[in-house]
Amino acid sequence: MLQIQNIRENQESIITALKKRSIDAEPMISKVLELDEKRRSIQTELDATLAESNKLSKEIGMLFKTGKAQEANVLKEKTAGLKEASKKLGEDLNTTADELQQQLYLIPNVPHESVPAGNSEEDNEEIFKEGDIPTLSQGALPHWELAKKYDIIDFELGVKITGAGFPVYKGKGARLQRALIAYFLDKNAEAGYTEMQVPLMVNEDSGYGTGQLPDKEGQMYHVQADDLYLIPTAEVPVTNLHRGDLLAESDFPIKYTGYTPCFRREAGSYGAHVRGLNRLHQFDKVEIVRMEHPNNSYQALDEMVEHVKNILRELKLPYRILRLCGGDLGFTSALTFDFEVFSTAQDRWLEISSVSNFETFQANRLKLRYKDENGKSQLAHTLNGSSLALPRVLAGILENYQTDEGIKIPDVLVPYCGFDTID
RNA sequence: GGAGGAAUGGCAGAGUGGUCGAAUGCGGCAGUCUUGAAAACUGUUGAGGGUCACACCUCCGGGGGUUCGAAUCCCUCUUCCUCCGCCA
(Lines give C-alpha, C1' and ligand atoms only; values in the text may rest on other atoms or scores of the structure.)
Protein backbone atom coordinates (compact mmCIF):
# COMPACT_ATOMS: atom_id res chain seq x y z
CA MET A 1 0.00 0.00 0.00
CA LEU A 2 1.34 3.38 -0.95
CA GLN A 3 1.57 6.05 1.69
CA ILE A 4 -1.07 8.70 1.34
CA GLN A 5 1.44 11.41 2.11
CA ASN A 6 3.62 10.17 -0.71
CA ILE A 7 0.67 10.26 -3.10
CA ARG A 8 -0.18 13.79 -2.02
CA GLU A 9 3.34 14.97 -2.70
CA ASN A 10 4.29 12.98 -5.79
CA GLN A 11 1.05 12.52 -7.63
CA GLU A 12 2.51 13.14 -11.09
CA SER A 13 5.59 10.97 -10.80
CA ILE A 14 3.57 8.10 -9.35
CA ILE A 15 1.14 8.18 -12.26
CA THR A 16 4.04 8.30 -14.71
CA ALA A 17 5.83 5.39 -13.05
CA LEU A 18 2.67 3.28 -12.94
CA LYS A 19 2.33 3.65 -16.71
CA LYS A 20 5.17 1.12 -16.89
CA ARG A 21 2.68 -1.40 -15.58
CA SER A 22 0.47 -0.47 -18.50
CA ILE A 23 -2.16 1.01 -16.23
CA ASP A 24 -3.60 4.46 -16.13
CA ALA A 25 -3.59 5.26 -12.44
CA GLU A 26 -4.91 8.76 -12.83
CA PRO A 27 -8.55 7.99 -11.92
CA MET A 28 -7.52 5.94 -8.86
CA ILE A 29 -5.11 8.59 -7.68
CA SER A 30 -7.58 11.44 -7.99
CA LYS A 31 -10.21 9.39 -6.20
CA VAL A 32 -7.75 8.74 -3.40
CA LEU A 33 -6.78 12.38 -3.12
CA GLU A 34 -10.40 13.41 -3.09
CA LEU A 35 -11.20 10.96 -0.30
CA ASP A 36 -8.11 12.03 1.59
CA GLU A 37 -9.17 15.63 1.49
CA LYS A 38 -12.67 14.73 2.55
CA ARG A 39 -11.33 12.64 5.40
CA ARG A 40 -9.15 15.44 6.66
CA SER A 41 -11.89 18.02 6.52
CA ILE A 42 -14.25 15.76 8.48
CA GLN A 43 -11.47 15.07 10.95
CA THR A 44 -10.85 18.76 11.48
CA GLU A 45 -14.51 19.41 12.12
CA LEU A 46 -14.77 16.46 14.47
CA ASP A 47 -11.67 17.55 16.37
CA ALA A 48 -13.12 21.01 16.91
CA THR A 49 -16.39 19.54 18.16
CA LEU A 50 -14.60 17.22 20.53
CA ALA A 51 -12.37 20.01 21.78
CA GLU A 52 -15.46 22.03 22.59
CA SER A 53 -17.12 19.23 24.53
CA ASN A 54 -13.92 18.36 26.34
CA LYS A 55 -13.74 21.94 27.48
CA LEU A 56 -17.33 21.95 28.68
CA SER A 57 -16.89 18.66 30.49
CA LYS A 58 -13.98 20.07 32.42
CA GLU A 59 -16.00 23.12 33.40
CA ILE A 60 -18.88 20.94 34.52
CA GLY A 61 -16.51 18.93 36.64
CA MET A 62 -15.21 22.08 38.29
CA LEU A 63 -18.68 23.42 38.92
CA PHE A 64 -19.85 20.22 40.59
CA LYS A 65 -16.75 20.20 42.69
CA THR A 66 -17.38 23.72 43.91
CA GLY A 67 -21.04 22.98 44.59
CA LYS A 68 -22.51 24.96 41.73
CA ALA A 69 -24.75 22.18 40.51
CA GLN A 70 -27.27 24.48 38.93
CA GLU A 71 -24.77 26.16 36.64
CA ALA A 72 -23.37 22.75 35.80
CA ASN A 73 -26.75 21.52 34.70
CA VAL A 74 -27.10 24.45 32.34
CA LEU A 75 -23.85 23.51 30.69
CA LYS A 76 -24.88 19.87 30.51
CA GLU A 77 -27.68 20.77 28.21
CA LYS A 78 -25.27 22.48 25.89
CA THR A 79 -23.24 19.32 25.48
CA ALA A 80 -26.16 17.31 24.11
CA GLY A 81 -25.97 18.97 20.70
CA LEU A 82 -22.23 18.58 20.52
CA LYS A 83 -22.52 14.94 21.35
CA GLU A 84 -24.94 14.32 18.56
CA ALA A 85 -22.79 16.25 16.12
CA SER A 86 -19.65 14.37 17.02
CA LYS A 87 -21.38 11.03 16.73
CA LYS A 88 -22.52 11.88 13.24
CA LEU A 89 -19.08 13.18 12.29
CA GLY A 90 -17.43 10.10 13.74
CA GLU A 91 -19.55 7.87 11.56
CA ASP A 92 -18.77 9.94 8.48
CA LEU A 93 -15.11 9.78 9.34
CA ASN A 94 -15.16 6.00 9.62
CA THR A 95 -16.96 5.58 6.34
CA THR A 96 -14.61 7.91 4.53
CA ALA A 97 -11.47 6.48 6.07
CA ASP A 98 -12.64 3.01 5.17
CA GLU A 99 -13.39 4.00 1.62
CA LEU A 100 -9.97 5.61 1.35
CA GLN A 101 -8.34 2.45 2.66
CA GLN A 102 -10.19 0.26 0.17
CA GLN A 103 -9.15 2.57 -2.62
CA LEU A 104 -5.52 2.54 -1.52
CA TYR A 105 -5.53 -1.25 -1.54
CA LEU A 106 -6.23 -1.15 -5.26
CA ILE A 107 -3.09 0.76 -6.24
CA PRO A 108 -0.04 -1.41 -6.97
CA ASN A 109 3.48 -0.55 -5.94
CA VAL A 110 5.41 2.07 -7.90
CA PRO A 111 8.03 0.36 -10.08
CA HIS A 112 11.67 1.16 -9.49
CA GLU A 113 13.26 3.45 -12.08
CA SER A 114 15.19 0.53 -13.59
CA VAL A 115 12.01 -1.41 -14.38
CA PRO A 116 11.34 -1.52 -18.13
CA ALA A 117 7.86 -0.68 -19.36
CA GLY A 118 5.94 -3.58 -20.82
CA ASN A 119 2.77 -5.58 -20.99
CA SER A 120 3.82 -9.17 -20.51
CA GLU A 121 6.73 -11.53 -20.00
CA GLU A 122 7.77 -10.81 -23.59
CA ASP A 123 9.07 -7.48 -22.36
CA ASN A 124 11.18 -8.81 -19.50
CA GLU A 125 14.88 -8.05 -19.81
CA GLU A 126 17.41 -10.84 -19.70
CA ILE A 127 20.30 -9.44 -17.71
CA PHE A 128 22.43 -12.51 -17.01
CA LYS A 129 22.91 -16.03 -18.24
CA GLU A 130 25.23 -18.76 -17.03
CA GLY A 131 25.84 -22.49 -17.18
CA ASP A 132 26.14 -24.99 -19.97
CA ILE A 133 23.07 -26.46 -21.52
CA PRO A 134 23.81 -30.19 -21.67
CA THR A 135 23.53 -32.22 -24.84
CA LEU A 136 21.16 -35.03 -24.06
CA SER A 137 21.03 -38.40 -25.75
CA GLN A 138 18.39 -39.29 -28.28
CA GLY A 139 15.76 -40.65 -25.94
CA ALA A 140 15.82 -37.78 -23.42
CA LEU A 141 12.55 -37.48 -21.52
CA PRO A 142 10.66 -34.68 -19.81
CA HIS A 143 10.64 -34.97 -16.03
CA TRP A 144 7.13 -36.39 -15.72
CA GLU A 145 8.21 -39.33 -17.86
CA LEU A 146 11.39 -39.71 -15.83
CA ALA A 147 9.40 -39.58 -12.62
CA LYS A 148 7.33 -42.51 -13.83
CA LYS A 149 10.27 -44.43 -15.30
CA TYR A 150 12.20 -44.38 -12.02
CA ASP A 151 9.08 -44.40 -9.84
CA ILE A 152 10.05 -41.37 -7.78
CA ILE A 153 7.00 -39.12 -8.14
CA ASP A 154 3.45 -40.40 -8.42
CA PHE A 155 0.94 -37.90 -9.70
CA GLU A 156 -1.97 -40.34 -9.95
CA LEU A 157 -1.61 -41.38 -6.34
CA GLY A 158 -1.85 -37.75 -5.36
CA VAL A 159 -5.02 -37.42 -7.40
CA LYS A 160 -6.51 -40.34 -5.52
CA ILE A 161 -5.88 -39.01 -2.05
CA THR A 162 -6.33 -35.29 -2.75
CA GLY A 163 -6.60 -34.15 -6.35
CA ALA A 164 -4.58 -32.94 -9.28
CA GLY A 165 -1.51 -30.90 -8.40
CA PHE A 166 -0.73 -32.75 -5.18
CA PRO A 167 2.04 -35.18 -6.11
CA VAL A 168 3.38 -37.97 -3.98
CA TYR A 169 7.16 -38.22 -3.81
CA LYS A 170 8.44 -41.72 -3.38
CA GLY A 171 11.68 -43.35 -2.30
CA LYS A 172 14.68 -41.58 -3.79
CA GLY A 173 12.37 -38.86 -5.05
CA ALA A 174 11.30 -38.05 -1.49
CA ARG A 175 14.87 -38.30 -0.29
CA LEU A 176 16.03 -35.91 -3.00
CA GLN A 177 13.36 -33.43 -1.95
CA ARG A 178 14.53 -33.59 1.63
CA ALA A 179 18.14 -33.26 0.48
CA LEU A 180 17.36 -30.11 -1.49
CA ILE A 181 15.54 -28.54 1.44
CA ALA A 182 18.39 -29.28 3.82
CA TYR A 183 20.97 -28.07 1.33
CA PHE A 184 19.14 -24.80 0.67
CA LEU A 185 18.63 -24.12 4.35
CA ASP A 186 22.29 -24.77 5.04
CA LYS A 187 23.36 -22.41 2.28
CA ASN A 188 21.06 -19.72 3.60
CA ALA A 189 22.22 -20.17 7.18
CA GLU A 190 25.81 -19.90 5.95
CA ALA A 191 24.91 -16.55 4.38
CA GLY A 192 23.61 -15.26 7.70
CA TYR A 193 19.90 -16.02 7.43
CA THR A 194 18.27 -17.22 10.64
CA GLU A 195 16.14 -20.29 10.12
CA MET A 196 12.51 -20.04 11.19
CA GLN A 197 9.76 -22.60 11.36
CA VAL A 198 6.45 -20.84 11.03
CA PRO A 199 2.75 -21.70 10.92
CA LEU A 200 1.40 -22.88 7.59
CA MET A 201 -1.90 -21.15 8.17
CA VAL A 202 -2.27 -17.43 8.74
CA ASN A 203 -5.05 -15.12 9.79
CA GLU A 204 -6.61 -12.36 7.78
CA ASP A 205 -4.39 -9.63 9.22
CA SER A 206 -1.30 -11.44 8.02
CA GLY A 207 -2.80 -11.82 4.56
CA TYR A 208 -3.34 -8.09 4.39
CA GLY A 209 0.08 -7.38 5.86
CA THR A 210 2.03 -8.82 2.96
CA GLY A 211 -0.53 -7.88 0.33
CA GLN A 212 -2.09 -11.23 -0.61
CA LEU A 213 -5.37 -9.80 0.60
CA PRO A 214 -7.46 -8.38 -0.83
CA ASP A 215 -5.59 -8.64 -4.12
CA LYS A 216 -5.26 -12.42 -4.37
CA GLU A 217 -8.12 -13.61 -2.23
CA GLY A 218 -9.12 -16.31 -4.73
CA GLN A 219 -5.62 -17.74 -5.00
CA MET A 220 -5.35 -18.86 -1.40
CA TYR A 221 -7.02 -21.83 0.24
CA HIS A 222 -9.37 -20.46 2.84
CA VAL A 223 -10.28 -22.56 5.86
CA GLN A 224 -13.63 -21.01 6.50
CA ALA A 225 -14.54 -22.72 9.75
CA ASP A 226 -11.64 -20.95 11.45
CA ASP A 227 -11.16 -18.11 9.00
CA LEU A 228 -7.54 -19.01 8.28
CA TYR A 229 -5.62 -19.13 5.03
CA LEU A 230 -3.12 -21.75 3.92
CA ILE A 231 0.07 -19.90 3.08
CA PRO A 232 0.92 -19.49 -0.60
CA THR A 233 4.54 -18.82 0.38
CA ALA A 234 6.64 -18.55 3.55
CA GLU A 235 6.90 -14.85 2.76
CA VAL A 236 3.53 -14.35 4.44
CA PRO A 237 4.18 -15.75 7.93
CA VAL A 238 7.87 -14.83 7.98
CA THR A 239 7.41 -11.20 6.97
CA ASN A 240 4.48 -10.88 9.37
CA LEU A 241 6.75 -11.85 12.25
CA HIS A 242 7.51 -8.16 12.51
CA ARG A 243 4.05 -6.79 11.80
CA GLY A 244 3.45 -3.75 13.98
CA ASP A 245 7.03 -3.54 15.22
CA LEU A 246 8.91 -0.36 15.87
CA LEU A 247 12.55 -1.30 15.41
CA ALA A 248 15.82 0.45 16.18
CA GLU A 249 18.18 1.19 13.31
CA SER A 250 20.64 -1.17 14.94
CA ASP A 251 18.20 -4.05 14.45
CA PHE A 252 18.94 -4.03 10.71
CA PRO A 253 19.60 -6.11 8.76
CA ILE A 254 17.02 -8.72 9.72
CA LYS A 255 17.57 -11.87 7.69
CA TYR A 256 15.35 -14.93 7.88
CA THR A 257 15.04 -18.15 5.99
CA GLY A 258 12.33 -20.75 6.25
CA TYR A 259 11.20 -23.91 4.59
CA THR A 260 7.46 -24.42 4.13
CA PRO A 261 5.08 -26.18 1.86
CA CYS A 262 3.16 -23.64 -0.20
CA PHE A 263 -0.47 -23.91 -1.21
CA ARG A 264 -1.94 -22.26 -4.27
CA ARG A 265 -5.32 -22.72 -5.85
CA GLU A 266 -3.97 -21.64 -9.25
CA ALA A 267 -7.50 -20.93 -10.40
CA GLY A 268 -7.55 -20.55 -14.15
CA SER A 269 -4.33 -22.41 -14.97
CA TYR A 270 -4.45 -25.09 -17.61
CA GLY A 271 -2.67 -26.78 -20.50
CA ALA A 272 0.81 -28.07 -21.18
CA HIS A 273 2.44 -25.52 -18.88
CA VAL A 274 0.89 -27.16 -15.86
CA ARG A 275 2.16 -30.63 -16.64
CA GLY A 276 4.20 -32.57 -14.17
CA LEU A 277 5.92 -30.39 -11.64
CA ASN A 278 5.53 -27.18 -13.58
CA ARG A 279 2.55 -25.92 -11.61
CA LEU A 280 1.23 -27.49 -8.43
CA HIS A 281 -1.31 -26.80 -5.72
CA GLN A 282 1.13 -27.86 -3.06
CA PHE A 283 4.87 -27.52 -3.38
CA ASP A 284 7.90 -26.98 -1.19
CA LYS A 285 9.93 -23.84 -1.08
CA VAL A 286 12.75 -22.39 0.94
CA GLU A 287 12.40 -18.65 1.24
CA ILE A 288 14.67 -15.82 2.31
CA VAL A 289 13.21 -12.65 3.80
CA ARG A 290 14.93 -9.43 4.76
CA MET A 291 13.94 -6.27 6.57
CA GLU A 292 16.24 -3.41 5.77
CA HIS A 293 16.98 0.24 6.26
CA PRO A 294 15.75 2.06 3.14
CA ASN A 295 19.29 3.16 2.33
CA ASN A 296 20.48 -0.43 2.11
CA SER A 297 17.60 -2.27 0.53
CA TYR A 298 18.91 -2.26 -3.02
CA GLN A 299 22.28 -3.46 -1.89
CA ALA A 300 20.46 -6.20 0.00
CA LEU A 301 18.57 -7.09 -3.17
CA ASP A 302 21.88 -7.45 -5.03
CA GLU A 303 23.20 -9.69 -2.28
CA MET A 304 20.15 -11.89 -2.52
CA VAL A 305 20.59 -12.18 -6.29
CA GLU A 306 24.24 -13.13 -5.83
CA HIS A 307 23.29 -15.66 -3.20
CA VAL A 308 20.81 -17.42 -5.47
CA LYS A 309 23.36 -17.36 -8.28
CA ASN A 310 25.84 -19.17 -6.08
CA ILE A 311 23.39 -21.92 -5.32
CA LEU A 312 22.61 -22.47 -8.97
CA ARG A 313 26.29 -22.51 -9.81
CA GLU A 314 26.87 -25.19 -7.23
CA LEU A 315 24.01 -27.22 -8.62
CA LYS A 316 25.51 -26.70 -12.08
CA LEU A 317 22.19 -25.84 -13.64
CA PRO A 318 21.97 -23.54 -16.67
CA TYR A 319 20.00 -20.46 -15.69
CA ARG A 320 19.27 -16.89 -16.60
CA ILE A 321 18.11 -13.82 -14.72
CA LEU A 322 15.33 -11.57 -15.90
CA ARG A 323 14.50 -8.08 -14.80
CA LEU A 324 10.71 -8.09 -14.81
CA CYS A 325 8.96 -5.44 -16.84
CA GLY A 326 6.16 -3.33 -15.39
CA GLY A 327 3.43 -5.55 -16.78
CA ASP A 328 4.87 -8.73 -15.27
CA LEU A 329 5.85 -7.20 -11.96
CA GLY A 330 3.93 -8.42 -8.92
CA PHE A 331 1.35 -6.11 -7.38
CA THR A 332 3.42 -5.42 -4.28
CA SER A 333 6.91 -5.30 -5.81
CA ALA A 334 9.04 -2.33 -6.83
CA LEU A 335 11.73 -4.41 -8.53
CA THR A 336 11.87 -8.13 -9.18
CA PHE A 337 14.50 -10.42 -10.63
CA ASP A 338 13.29 -13.81 -11.80
CA PHE A 339 15.60 -16.77 -12.03
CA GLU A 340 14.85 -19.36 -14.66
CA VAL A 341 16.41 -22.76 -15.14
CA PHE A 342 16.63 -24.17 -18.61
CA SER A 343 14.81 -27.43 -18.89
CA THR A 344 16.55 -29.18 -21.72
CA ALA A 345 14.04 -31.93 -22.27
CA GLN A 346 11.13 -29.52 -22.35
CA ASP A 347 13.19 -26.98 -24.24
CA ARG A 348 11.90 -24.11 -22.12
CA TRP A 349 12.84 -21.88 -19.21
CA LEU A 350 11.25 -22.60 -15.84
CA GLU A 351 10.92 -19.94 -13.17
CA ILE A 352 12.56 -21.16 -9.98
CA SER A 353 13.13 -18.02 -7.98
CA SER A 354 11.78 -14.55 -7.73
CA VAL A 355 13.73 -11.99 -5.75
CA SER A 356 11.98 -8.72 -4.95
CA ASN A 357 12.28 -5.45 -3.14
CA PHE A 358 8.93 -4.18 -1.89
CA GLU A 359 10.40 -0.99 -0.49
CA THR A 360 7.79 0.42 1.93
CA PHE A 361 4.77 -1.11 0.21
CA GLN A 362 4.41 -4.04 2.59
CA ALA A 363 5.85 -2.17 5.55
CA ASN A 364 3.09 0.39 5.24
CA ARG A 365 0.46 -2.30 5.60
CA LEU A 366 2.45 -4.14 8.23
CA LYS A 367 3.16 -0.96 10.18
CA LEU A 368 6.75 -2.13 10.25
CA ARG A 369 8.78 0.89 11.25
CA TYR A 370 12.08 1.89 12.74
CA LYS A 371 13.26 4.95 14.59
CA ASP A 372 15.70 7.02 12.55
CA GLU A 373 18.61 9.00 13.99
CA ASN A 374 16.27 11.90 14.75
CA GLY A 375 13.93 9.67 16.69
CA LYS A 376 11.27 9.80 14.00
CA SER A 377 9.38 6.71 12.91
CA GLN A 378 10.03 5.62 9.35
CA LEU A 379 8.81 2.67 7.34
CA ALA A 380 11.33 -0.11 6.80
CA HIS A 381 11.92 -1.87 3.51
CA THR A 382 11.02 -5.54 3.07
CA LEU A 383 12.47 -7.98 0.57
CA ASN A 384 12.15 -11.62 -0.19
CA GLY A 385 13.25 -14.29 -2.59
CA SER A 386 12.99 -17.99 -3.14
CA SER A 387 16.10 -19.95 -2.50
CA LEU A 388 14.67 -22.02 -3.93
CA ALA A 389 11.36 -23.42 -5.16
CA LEU A 390 11.70 -27.18 -5.14
CA PRO A 391 9.57 -28.65 -7.93
CA ARG A 392 11.16 -26.85 -10.82
CA VAL A 393 14.66 -27.28 -9.45
CA LEU A 394 13.81 -30.94 -9.23
CA ALA A 395 12.47 -30.87 -12.79
CA GLY A 396 15.66 -29.14 -13.93
CA ILE A 397 17.86 -31.70 -12.21
CA LEU A 398 15.92 -34.68 -13.52
CA GLU A 399 15.90 -33.42 -17.07
CA ASN A 400 19.41 -32.00 -17.28
CA TYR A 401 21.17 -34.74 -15.37
CA GLN A 402 19.58 -37.70 -17.11
CA THR A 403 21.95 -40.21 -18.67
CA ASP A 404 21.61 -43.67 -20.10
CA GLU A 405 22.66 -45.05 -16.72
CA GLY A 406 20.09 -43.09 -14.78
CA ILE A 407 19.84 -39.64 -13.24
CA LYS A 408 23.07 -38.35 -11.76
CA ILE A 409 22.80 -36.38 -8.53
CA PRO A 410 24.65 -33.02 -8.50
CA ASP A 411 27.85 -33.35 -6.48
CA VAL A 412 26.83 -30.94 -3.73
CA LEU A 413 23.68 -32.94 -3.07
CA VAL A 414 25.27 -36.37 -2.82
CA PRO A 415 26.16 -36.02 0.88
CA TYR A 416 22.58 -34.95 1.58
CA CYS A 417 21.05 -37.76 -0.49
CA GLY A 418 23.27 -40.62 0.42
CA PHE A 419 23.29 -41.83 -3.18
CA ASP A 420 24.68 -40.47 -6.45
CA THR A 421 22.35 -41.91 -9.05
CA ILE A 422 18.67 -42.55 -9.44
CA ASP A 423 18.29 -45.70 -11.48
C1' G B 1 -14.67 -29.01 25.94
C1' G B 2 -16.01 -27.01 31.40
C1' A B 3 -14.90 -23.36 35.59
C1' G B 4 -12.35 -19.07 37.21
C1' G B 5 -8.68 -14.88 36.49
C1' A B 6 -6.28 -11.36 33.43
C1' A B 7 -4.96 -7.87 29.05
C1' U B 8 -1.96 -0.56 30.62
C1' G B 9 4.05 2.71 27.12
C1' G B 10 10.42 -1.06 24.53
C1' C B 11 9.85 -4.33 29.19
C1' A B 12 8.00 -4.88 34.29
C1' G B 13 4.13 -2.74 36.92
C1' A B 14 0.66 1.13 39.70
C1' G B 15 -3.81 3.31 38.68
C1' U B 16 -11.60 1.40 40.21
C1' G B 17 -15.55 7.95 37.21
C1' G B 18 -12.92 14.44 36.30
C1' U B 19 -6.78 16.95 38.84
C1' C B 20 -4.54 10.42 33.83
C1' G B 21 -1.40 10.02 27.99
C1' A B 22 -1.09 7.72 32.59
C1' A B 23 3.02 6.84 39.12
C1' U B 24 7.37 3.98 39.88
C1' G B 25 11.35 0.71 38.37
C1' C B 26 14.26 -1.25 34.32
C1' G B 27 15.88 -0.23 29.47
C1' G B 28 17.13 3.79 25.64
C1' C B 29 19.22 8.74 24.70
C1' A B 30 22.02 13.25 26.42
C1' G B 31 25.10 15.33 30.15
C1' U B 32 28.33 15.58 34.86
C1' C B 33 32.43 12.77 36.83
C1' U B 34 36.55 9.61 34.36
C1' U B 35 42.58 8.82 30.30
C1' G B 36 38.41 5.58 28.73
C1' A B 37 34.66 2.39 30.56
C1' A B 38 31.69 0.86 34.72
C1' A B 39 29.24 2.84 38.99
C1' A B 40 26.85 7.15 40.84
C1' C B 41 24.21 11.60 39.90
C1' U B 42 21.20 15.10 36.61
C1' G B 43 18.05 15.69 32.57
C1' U B 44 15.23 13.40 28.79
C1' U B 45 12.33 9.41 26.58
C1' G B 46 5.02 6.24 23.84
C1' A B 47 2.29 6.13 19.02
C1' G B 48 -0.95 8.21 15.26
C1' G B 49 -3.75 12.33 12.99
C1' G B 50 -3.48 17.57 12.20
C1' U B 51 -0.61 22.38 11.43
C1' C B 52 4.34 26.40 7.94
C1' A B 53 4.81 25.97 13.18
C1' C B 54 1.67 25.94 17.35
C1' A B 55 -3.13 24.86 18.93
C1' C B 56 -6.10 20.87 18.91
C1' C B 57 -7.84 15.58 18.38
C1' U B 58 -7.35 10.12 19.00
C1' C B 59 -5.18 5.79 21.29
C1' C B 60 -4.67 1.93 28.24
C1' G B 61 -6.24 -5.93 23.69
C1' G B 62 -10.59 -5.17 19.31
C1' G B 63 -15.71 -3.48 18.72
C1' G B 64 -20.12 -1.36 20.95
C1' G B 65 -22.73 1.04 25.18
C1' U B 66 -23.76 4.09 29.93
C1' U B 67 -22.22 9.27 31.43
C1' C B 68 -21.63 16.29 30.79
C1' G B 69 -17.00 13.29 31.52
C1' A B 70 -14.35 6.26 31.00
C1' A B 71 -7.80 3.09 31.57
C1' U B 72 -11.60 2.89 35.53
C1' C B 73 -18.79 0.96 34.96
C1' C B 74 -21.81 -2.42 31.36
C1' C B 75 -22.14 -5.73 26.82
C1' U B 76 -19.46 -8.46 23.20
C1' C B 77 -15.27 -10.56 20.62
C1' U B 78 -10.15 -12.02 20.73
C1' U B 79 -5.89 -13.54 23.26
C1' C B 80 -3.19 -15.19 27.55
C1' C B 81 -2.90 -17.55 32.54
C1' U B 82 -4.72 -21.17 36.45
C1' C B 83 -7.65 -25.58 37.57
C1' C B 84 -10.52 -29.86 35.55
C1' G B 85 -11.39 -33.10 31.28
C1' C B 86 -9.41 -35.10 26.66
C1' C B 87 -5.10 -36.04 23.82
C1' A B 88 -0.04 -36.62 19.79
[X], nearest nucleotide to its side chain (from [options]):
X        : options             : answer
A:Arg369 : B:C68, B:G48, B:C57 : B:G48
A:Ala51  : B:G18, B:C56, B:G49 : B:C56
A:Leu246 : B:U51, B:A47, B:C56 : B:A47

Check every strand shown and say whether [X] touches a base, only sugar-phosphate, or nothing at a heavy-atom separation below 4.0 Å.
X        : value
A:Lys83  : base
A:Leu56  : nothing
A:Ser377 : sugar-phosphate
A:Thr79  : sugar-phosphate

d([atom1], [X]; [atom2], [N]) in whole Å:
X       : N     : atom1 : atom2 : value
A:Leu46 : B:C57 : CG    : P     : 11 Å
A:Asp98 : B:G63 : CG    : P     : 13 Å
A:Leu63 : B:G18 : CG    : P     : 17 Å
A:Arg40 : B:G48 : CZ    : P     : 17 Å

Exercise. Think A:Arg8 has a side-chain N or O under 4.0 angstrom from the OP1 or OP2 of B:G50?
Worked result: yes

Using the [atom1] atom on both, measure [N] against [M] and round to a whole Å.
N     : M     : atom1 : result
B:G36 : B:G46 : P     : 31 Å
B:G2  : B:C74 : C1'   : 25 Å
B:U19 : B:G25 : C1'   : 24 Å
B:U8  : B:A71 : P     : 16 Å
B:C20 : B:A38 : C1'   : 37 Å

Exercise. Starting at the 5' end of RNA chain B and moving along, which residue's nearest nucleotide shows up first, A:Lys371 or A:Asn54?
Worked result: A:Lys371

Seminar exercise, completed: Walking RNA chain B from its 5' end, the first of A:Leu50 and A:Lys76 to be reached, judged by nearest nucleotide, is A:Leu50

Problem set entry | Residue A:Glu37 excluded, over 12 heavy atoms near CD under 6.0 Å | no

Problem set entry | A:Glu306 atom CD, neighbour heavy-atom count above 12 within 6.0 Å | yes

